Every structure is written in structure tokens, then in C-alpha cells.
Amino acid sequence: MTLKYIRFLFSLIFLLSVVSSAAAQSVDDITPKPVEVKKADRGHVTIDKKAQIVFDKQFADQAAYLKDMLAAQTGLNLQVVLNGQNKGKASHRIFLLFDNQVINKAEMYTMTVEGKDVTIRAKDTGSMVYGIQTLLQLFPLKKVEEVKLQDVEITDYPRFAYRGMHLDVVRHMFPVSFIKKYIDYLAFHKFNTFHWHLTDDQGWRIEIESYPKLNAVGSWRDATLIGHFKDVPARYDSTRYGGFYTKNEVREVVKYAAVRGINIIPEIDIPGHSRATIAAYPEFSTRPDTTWNVATTWGMYNRQNNVLQPNPATFKFLKTVFHEVADLFPSAYFHLGGDECSKMWWKADPVSQKFIKQHNLKDEKGLQTYFIEQVAGYLKEKNKKVIGWHEILEGDLDKSAIVMNWGGDKEGITAATRKHQVIMTPGKPLYFDHYQSKDPNDSLAIHGYNPLDAVYKYEPVPDVLRQKKLDHYIIGAQANVWTEYMASPAKVEYMIFPRMTALSEVLWSPREKKDYADFKRRLTTAVIPRYRYWNSSYFKGFDTWTSDKQQ
Ligand code: TNX
């Protein structure tokens, strides 16, 4: 190698390190895949620090959001200006425009990169946020002086109206900062719903003023199971564990989510999974004379008494508490649980039996429906509609209730045939608390095996419903994240990534555009760098552990 050549190499390296104009990320990498991308190879729009974000008044919060996200990602700190008040100084602009003509579908946005400007059009918060997510994906994940965005025209809208992620904050609780991060993950992936599972046997996680013992007693457990709940003998630590989100924290989270187009559906799980409630108020249990503890173990179904007794004090409690929680959440929907309500405790309880007779209920299943209907009535007074786990269909229920089906296609078909709207959240493959590998050294999970490809290939609409023209009853799907074996945010991230990314494409992208090989390509080139940018954990072995190979 000549000295001259070495000098040349050095100067090249030097040049590369100072040149900070970066090529944009490819539009081919956008995830979830958009409906339509028209590339024009004519030109590009340069965004540098002199460019402005110009917004219609409906999108002031989203303009600030884009500004912050872009500055954090690229170092480009753009000025934000209300449309009509722009001074005409900027050479390039990013317009966030309200448009209900071009935008003629629910949750639709368009994005054009052309001439001197980038223009995102939308008619509501959510779809403007989706446009912003798409745009942010075109910028590199590093500090730059300017970015050249290639001319393009994108038209995009979701396949399903309900696109959710659930998080159980009971079995383990996570700080508000992580709840916000989780909401950011949802927003990036163009989900629109965060299902916040706030109460269960192992704790009550939201501040309630009318029944303070829910927090003083019900939010705390004396110990936590170590290892798997099937281990014999069961082992426990001896650490008091718990806490709850204050009303101010809840309001803060709701506001944070709203800016990002995410609706929060709270869940207060009744009439089973109520061990924390009866620990605080034994008078609502079928054994009022008993001192209950907040559960310290997992897998409560049937094993321990955790149901509410149908008595006047219980119904007064339910009405008061559901009203109190309803007031905190703007969501039109409220989740009242209804799952895994063991009937044996009601069978053994004379008060419950007398209640069943007096109210002409058929049996304990009828009593379960009675509870659901009562609470649905309380929620109606607050203008809320009800979502419940599919067991709410055990009796005959008002059609306005949305069924969240954690069973398989069969239960989904039953619910749709009974003319209920259905959210599909089948254990297989949408329980992200199940294993994603068969590696015996993999970190602990509940059981099951839901590898990435199974999530990607999941089809929410069963063929039978399509044939019977009942497919419109399936309004979407959701992954559930039960946190028995997730004691930290890092473990939650490890369990959701990359499966959540796969689900986002199931829910957003047109069915005919799905392509697993291309998805994995984008995952590797564009999305995993995002996880790293977020400092998030993720499961790296997704390509090894598939449902195709019999491992
Ligand atoms: C069943 S699915 C539950 C949860 C558990 C989960 C574990 C459902 C509605 N209830 O209480 O955490 O299994 O996978």
C-alpha cells in the first residue's frame, strides 16, 4: 500500500465521519406494511434544522410530539408553527393537515413527499399519529444535519378497527415510566388500544377513595411465589410486594396515551379473580367470617376461593367502585373481566343459593351473568359499554357487550353467531406469556409455545364466519401479557418483542400483503435497530424457533 493511498483512506474515513447528511431509511422497510406506497424516483425533500412543522389547529399536540420524537431520534430540532401563521421563511416544511375529504376511511392517513414539502393528512388524532410514525421510520436513527427523503405517496389505513395490547400490572407492577414506554411501543406499531388489567387475586392496582382498604390492604401481598407454580414444593420469598397507581398517575397516563392516539380500556376483574378485594373486605366474600390474604401464588382458578358473594353490600360496592374508575377514563368501553369464575364457592354458599332462587336464576352460571348485567348497568349510567372475557357468554347477555375471546376459533364463532362483536385474543398464538422457544434454558414462562411465525401467520377471522357473512363481528385482535413470570420491564420487553411487531402487521396490513420472509427482512433491517434505539430487550432466537420445524 502506498503512502498516498493510506493518506487517501484516512481522509476518506475523516470525510465520512464529518459528513452528516444521511440517506433516509427505505420506504420498503415501513412496518406494519402500508396499504399503498407509490414511489416516484424524481426527487427528494431535504429536511434540515431550518425546516418547519406546520400544523392545523386540531394537531397541536401531535406537532409537539413529532418535534420531540424527531429531535430525540436525529437531533433535528424543528420549529413548530400553526398553519396560516408561517412566516414563509422555511425552505421545507412538514405539514400536518386536517382533511376529511381525501381522508374517507376510519383511521386513514396519507403522506406525500413531493416538491419542497412533506404533507400528512388525517382527520383524527390516531391517524395523524400513524402518519407521524410512518414519517419517523423514514429518518435515520442517528444524529444528522439533514435528511433527504425520497419522493413518495403513501395511502394507509388499518385492516381491523380494534388493535390492542394488554398488560397485567397485578402479578407484577411496573412504574409509570414503563407504562408510558409501553404506550410508545403501541403507538409505534399503530395499535390503538391499551388494555390495562388493574385488579386480580394478587393485588388491587388503582387508587380508590370510596373503599380505602382496597389500597391499604388489597394492594399488598406478603410474599411472592418463586419459580414455577407447578413446582413441588412451592417456594415463596418473604418480601411484601405491591403498590397502586394514584389517580393523578392514571390521569397522567391517560393524557399521555391520548396524544399518541391510544385509547386505554381499564379492567376491573369481577366476580372471580377477586381475592384482593375480599382480603380487604371479607364481607363481600362467600365466607365473610374468614380473613383472606391477598394471593401470593399464581394459577388461582378453582384452587382458592376468590369470588364475590351476591349481597346488597357487594352490589353497592361494585356500583360505587365502577363509577369511580369510570370517571378516570374517557374510553367508551370498560372491561369487567368475568373470566375463570369458579362456581364451586357459590354452590357451597347458602346466601348465594338463596339469591339464585330469589332472582329466578337458572344456576351459578346464571348468577355469573347476573353480576355482569348489574355491572353493565352501572357502567351504562356512565355511558360506558362493556367488554368481558368470553365466559360472560355463559348466560344470555345483552348484545352490546363485546366479547374478548381468549379461547380458540370455536368460542369466537359462537360469540359472533350470537351477534356479539368479538376481539380475538386466543391463547394460541396471542398469549405472549407463553414460551417463544423450546430451549430448556429459556427464561421462565407460563407454558405453551407461541413462536414468532405462528403470531405472524395468525388469521383473526375464522373461515366459517366469512362463509356465513358474519366476519364483520370480528373487530380485531389483541395479545395478552400476563406477568406471573415477568418481574421487570426488561422481561416484558423480552416477551413482547418481536411478537408484538408481527401482530401489528396482522392487524394493520392488508391480508394479501402479508409476507413472512419480507417481514423478517424488515424486522432485521429496520425494527430491531429501533428496539436497540429504545434500549429495549427482545428475543433474539426468533428465526431458530418456529412452528414449521418440529423442534
Ligand atoms: C388465565 S386468560 C387468566 C389469567 C392468567 C392466565 C395465564 C384469562 C382471562 N385469565 O388470570 O394470568 O391465564 O396465562
Side-chain angles (χ1 to χ4, degrees), residues 164-174 193 195-205 221 224-225 227-231 241 265-278 294-308 333-343 368 371-372 375 386-394 401-412 414-415 422-436 443-450 454-455 477-487 491-492 495-496 499:
M165 283 293 293
H166 149 287
L167 185 66
D168 165 12
V169 296
V170 174
R171 278 53 177 270
H172 286 101
M173 191 179 171
F174 309 96
T193 308
H195 171 176
W196 204 356
H197 184 78
L198 287 163
T199 71
D200 215 304
D201 300 312
Q202 295 80 5
W204 188 283
R205 299 274 177 258
R221 60 178 182 251
T224 297
L225 193 75
H228 206 278
F229 90 94
K230 287 180 186 153
D231 290 351
Y241 182 97
I265 296 182
E267 180 186 354
I268 303 293
D269 199 352
I270 58 104
H273 281 287
S274 297
R275 182 60 170 247
T277 307
I278 63 175
V294 176
T296 54
T297 188
W298 318 135
M300 286 287 287
Y301 186 49
N302 254 343
R303 297 199 303 166
Q304 293 180 51
N305 189 339
N306 61 1
V307 303
L308 300 176
Y333 290 95
F334 199 112
H335 201 305
L336 47 63
D339 59 314
E340 298 185 325
C341 188
S342 169
K343 310 298 178 300
Q368 148 102 349
F371 267 103
I372 304 297
V375 174
V386 156
I387 304 183
W389 300 108
H390 68 262
E391 291 98 319
I392 63 171
L393 281 187
E394 284 178 357
I402 297 185
V403 173
M404 187 169 271
N405 168 38
W406 63 283
D409 276 5
K410 187 170 149 261
E411 290 82 356
T414 306
V422 186
I423 298 160
M424 297 296 267
T425 175
K428 217 172 169 48
L430 296 187
Y431 268 39
F432 291 176
D433 59 339
H434 290 198
Y435 283 102
Q436 51 199 330
S443 153
L444 213 57
I446 189 132
H447 48 56
Y449 179 49
N450 289 334
V455 177
Q478 170 176 294
N480 292 338
V481 184
W482 304 102
T483 56
E484 285 94 335
Y485 303 99
M486 303 182 208
K491 180 70 187 281
V492 172
M495 298 304 281
I496 62 173
R499 291 188 285 192

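Note that the structure is predicted; figures quoted are calculated from it, not measured. Just so you know, ligand 1 is whichever comes first in the structure, and atom 1 is the first atom listed for that ligand. These numbers come from the heavy atoms of this one structure, side chains and all, not from hydrogens, waters or symmetry mates.
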Considering all heavy atoms, the nearest Val170-His197 contact: CG2-O, 3.7 Å

Residues in side chain to side chain contact (heavy atoms under 4.5 Å, CB included) contact with Val307, at least two apart in sequence or another chain: Thr286, Asn305, Cys341, Trp345, Trp346

Just jot down the side chain to side chain contact (heavy atoms under 4.5 Å, CB included) partners of Thr199, sequence neighbours excluded, or say none. Trp204, Ile268, Asp269

Hey, what's the ring geometry for His335 with Trp389, parallel, tilted or perpendicular (30° and 60° as the breaks)? tilted

For ligand 1, the residues whose heavy atoms come within less than 4.0 Å (ordered by chain, then number): Arg171, His273, Asp339, Glu340, Trp389, Trp406, Tyr431, Asp433, Ile446, Trp482, Glu484

Check side-chain hydrogen bond (donor to acceptor under 3.5 Å, both in side chains) between His195 and all other residues, then give those that pass, not counting sequence neighbours. Glu267, Gln478

Can you tell me how the ring of Tyr485 sits relative to the ring of Trp298, calling it parallel under 30°, perpendicular over 60° and tilted otherwise? perpendicular

